[in-house]
Amino acid sequence: MHVEQLHPWPSSVPEAEALQDRLRSRVELDGPSAFELIAGLDVHYRGDDALTAAVVVLDAGTLEPVEQVVAQGEAAFPYVPGLFAFRELPALVTALERLKTTPDLLVCDGYGLAHPRGFGLACHLGVLTGLPSLGVGKTPFVGTHEPPGDERGSWTPIVHEGATVGRALRTQRGVKPVYVSQGHRIALDVATEQVLRLAARYRLPEPIRHADHLARHP
DNA sequence: GCGACAG
DNA sequence: ATCTTGTCGC
């Protein structure tokens, strides 16, 4: 599939923040509510710089994989909370470009709107591809929230600077919640519904589990 | 001002 | 993210 060019690549923290501020204006917080092909994305680190990016496309109905690609790369930026996306974007974009199929939803490992400048990895990937995207975080980042109830499917809003930026969602009874936020071209209700449906058996949604496995065992 | 901070 | 054993539970 086609992905928009990354350049110019930021060479400093202020440049990276400015790029996020600029691209943020392109995020759309509403879009389709049904999807045929759903991609999971993840990266596995192998040392200081080396990393493997993996993308697995699943049939939304059967949850069977229909295509999977990997790309070897290097961390393209130092790890700075809030600028995490710049580490993994080049390798993830390379992997996406190797896809023969075009998914209609990207399920990203990390945050989208629930980010210090409202532009996490999921937003960035959504804007570059033009595809609906959402982020699934495994630990809290920005904002505050109450613990969701124990039942699968219960959730509480994540509030940051007075606005709802995501949801803490219990995908399974007896496990820690995951943190869902919008990336691009998707409503929060739809993102929540998709994550819950994709996490029918485990804490994390199936597309991310597949991508994580592939990145670790290419 | 200080600490905490997605992966 | 990654370095790492045993242990509890289905």
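Sequence lines set the chain letters: A, B, ... in the order given, protein chains first and strands last, and positions in each chain run from 1.
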Show, in sequence, the C-alpha distance, side-chain angles and deciding distance for Asp189(A) and Arg167(A), and conclude whether the salt bridge (Lys or Arg N to Asp or Glu O under 4.0 Å) test is met.
CA-CA 9 Å; Asp189(A) 277 340; Arg167(A) 287 175 183 168; 2.7 Å; yes
If you compare every side-chain N and O of Tyr79(A) against the phosphate oxygens of dA6(B) (OP1, OP2), does one of them come in below 4.0 Å?
yes
Single-linkage hydrophobic cluster, 4.5 Å side-chain cutoff, Leu134(A) and Leu106(A) together
no
Closest to side chain of Thr139(A), choosing from dA1(C), dC5(B), dG7(B)
dG7(B)
Could you check how far CG of Leu92(A) sits from C1' of dG7(B), rounded to whole Å?
11 Å
Can you check the Arg216(A) CZ to dC3(C) P distance for me, whole Å?
9 Å
Classify the nucleic acid contact of Leu51(A) as base, sugar-phosphate or nothing, counting any heavy atom under 4.0 Å across all strands shown.
nothing
Measure CG/Asp212(A) against C1'/dA6(B) and give the value in whole Å, please.
15 Å
Is any side-chain heavy atom of Leu198(A) less than 4.5 Å from a side-chain heavy atom of Val107(A)?
yes
Leu113(A) atom CG is separated from dA6(B) atom C1', nearest whole Å, by 14 Å
Specify the separation, in whole Å, of atom CG of Leu125(A) and atom P of dA6(B).
18 Å
Tell me the interatomic distance from Lys138(A), atom NZ, to dC5(B), atom P, rounded to whole angstroms.
16 Å
Glu15(A) atom CD, over 12 foreign heavy atoms within 6.0 Å:
yes
Would you mind classifying the nucleic acid contact of Pro140(A) as base, sugar-phosphate or nothing, using non-hydrogen atoms under 4.0 angstrom?
sugar-phosphate
Is the phosphate of dT2(C) approached by His44(A) (side-chain N or O, under 4.0 Å from OP1 or OP2)?
yes
Mind checking Gly47(A) for me? I need base, sugar-phosphate or nothing, with any heavy atom below 4.0 Å counting as a touch.
nothing
Whole angstroms only, please: what is the CG-C1' distance between Asp42(A) and dG7(B)?
9 Å
So what does Gly137(A) touch, heavy atoms closer than 4.0 Å: a base, only the sugar-phosphate, or nothing?
sugar-phosphate
Looking at Trp9(A) versus Phe86(A), is the centre-to-centre ring distance below 6.0 Å?
yes
Spacing between His115(A) atom NE2 and dG7(B) atom P, to the nearest angstrom:
12 Å
Hey, is Tyr45(A) stacking on dA1(C)? Ring centres under 5.5 Å, planes under 30°.
no
